[in-house]
A.B. asks: 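My questions all concern the structure below.
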Amino acid sequence: MDPAFFDRPVLDVARALIGWTLLVDGVGGVIVETEAYHAGDPAAHSYAGRTVRNAAMFGPPGRAYVYRSYGLHWCLNVVGGAEEAAAVLIRALEPTDGLAAMAERRALADPRLLCAGPGRLAQALGITAALDGARLDRAPFAWRPPTGAPDLVAGPRIGITRAADEPWRVGLAGSRYLSRRFR
DNA sequence: ATGACGATGCACT
DNA sequence: GTGCATCGTCATG
């Protein structure tokens with residue numbers, strides 16, 4: 001994965017990520033759902049300025065931003081965008097590699113539920129704050145490009161209250177591994 | 001099928 | 001003290 005991949009408008013990054021295979025220590029799958037969070041977006045963690053938690057969002061593109069959600073879950077973002085302080089939340093994968101490791105971490109075997117949601121995905125791939133700020137072009141991360149041009153769908157982002165109508169959630173059309181259907 | 005709610009950490013007012 | 005970029009379980013249609 002070339003770091004220049006992330007150096008373009010963040011919605012383009014969110015769209016371009018669909019179909020890529022993301023692996024962490026060899027475990028992962030095909031990205032089927034993402035959300036874009038711009039600089040200046042009231043729903044973005046960077047909106048109120050730089051803090052200890054969101055520092056990675058203000059760093060260079062092509063790094064991970066990992067945060068804890070609702071006190072329980074870890075969520076993985078890719079820092080990107082030509083603007084500063086933007087990121088793409090990785091929301092769902094179609095599991096392809098390391099199914100046994102994912103099933104063990106999640107204590108669940110149904111491939112439809114292993115990585116269908118940002119918290120589930122992070123748990124299945126073993127992502128924690130230890131990876132916050134880490135470069136995405138090095139181990140433990142590895143990438144495989146899409147095999148074709150994926151068919152995309154878009155809709156409002158999930159679980160937010162501000163800028164809730166903006167269609168900045170992107171998915172792989174027809175995928176059975178989404179966190180929720182697109183309407 | 002859809003909806004309510006509790007668990008749990010921490011940034012921020 | 002409040003509010004989350006969530007998930008699992010339990011309840012009802």
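In what follows, chains carry the letters A, B, and so on, assigned in the order in which the sequence lines appear, proteins first and then strands, with residues in each chain numbered from 1. Hydrogens, waters and symmetry mates are skipped; everything else that's a heavy atom, side chains included, is used.
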A.B. asks: Go through residues 109-131 of chain A and report each residue with a non-hydrogen atom lying under 4.0 Å from DNA chain C, sorted by number.
C.D. replies: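 Heavy-atom contacts with DNA chain C come from A:G117, A:P118, A:G119, A:R120.
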
A.B. asks: Scan residues 32-53 of chain A against DNA chain B and write down, sorted by residue number, each residue with any heavy atom closer than 4.0 Å; if none is found, say none.
C.D. replies: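 Residues of residues 32-53 of chain A that come under 4.0 Å of DNA chain B are, in numerical order, A:T51, A:R53.
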
A.B. asks: Let's see if you get this right: which residues in residues 64-75 of chain A place a heavy atom under 4.0 Å from DNA chain C?
C.D. replies: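 Close to the strand are A:Y67, A:S69, A:Y70, A:H73.
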
A.B. asks: Any N/O pairs under 3.5 Å between the protein and nucleotides 3-5 of chain B? List them or say none.
C.D. replies:
none

A.B. asks: Output every pair passing salt bridge (Lys or Arg N to Asp or Glu O under 4.0 Å) with a member in residues 6-16 of chain A, not counting sequence neighbours, ordered by first then second residue.
C.D. replies: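 The answer is none; no pair qualifies.
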
A.B. asks: Sort and list the pairs that fulfil salt bridge (Lys or Arg N to Asp or Glu O under 4.0 Å) and have at least one residue in residues 97-116 of chain A, not counting sequence neighbours.
C.D. replies: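 Counting only pairs at least two positions apart or across chains, the salt bridge (Lys or Arg N to Asp or Glu O under 4.0 Å) contacts touching residues 97-116 of chain A are A:D97-A:R144.
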
A.B. asks: Which string of ( ) [ ] | and . matches DNA chain C, if you list each base 5' to 3' and count Watson-Crick or G-U pairs only when both distances are under 3.5 Å?
C.D. replies: ||||.|||||||.

A.B. asks: Got a sec, which residues hit salt bridge (charged side-chain N to carboxylate O under 4.0 Å, His left out) with A:R169, two or more places apart in sequence or on another chain?
C.D. replies: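 Once residues adjacent in sequence are excluded, the partners of A:R169 under the salt bridge (charged side-chain N to carboxylate O under 4.0 Å, His left out) criterion are A:E33.
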
A.B. asks: Between which nucleotides of DNA chain C, read 5' to 3', does contact with chain A run, using atoms under 4.0 Å from its heavy atoms?
C.D. replies: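 Listing 5' to 3', DNA chain C meets chain A from C:dC4 to C:dG8.
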
A.B. asks: List, by chain and number, the other hydrophobic cluster members for A:Y67, where Ile, Leu, Val, Met, Phe, Trp and Tyr join if side-chain heavy atoms come within less than 4.5 Å, directly or indirectly.
C.D. replies: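 Listed partners: A:Y37, A:M57, A:F58, A:Y65, A:V79, A:L89, A:I160.
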
A.B. asks: Quick one, which residues of residues 160-171 of chain A touch DNA chain C with a heavy atom under 4.0 Å?
C.D. replies: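 Within residues 160-171 of chain A, the residues near DNA chain C are A:I160, A:T161.
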
A.B. asks: Please list residues of residues 84-92 of chain A whose heavy atoms come under 4.0 Å from any atom in DNA chain C, ordered by number; otherwise none.
C.D. replies: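 Close to the strand are A:L89, A:R91.
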
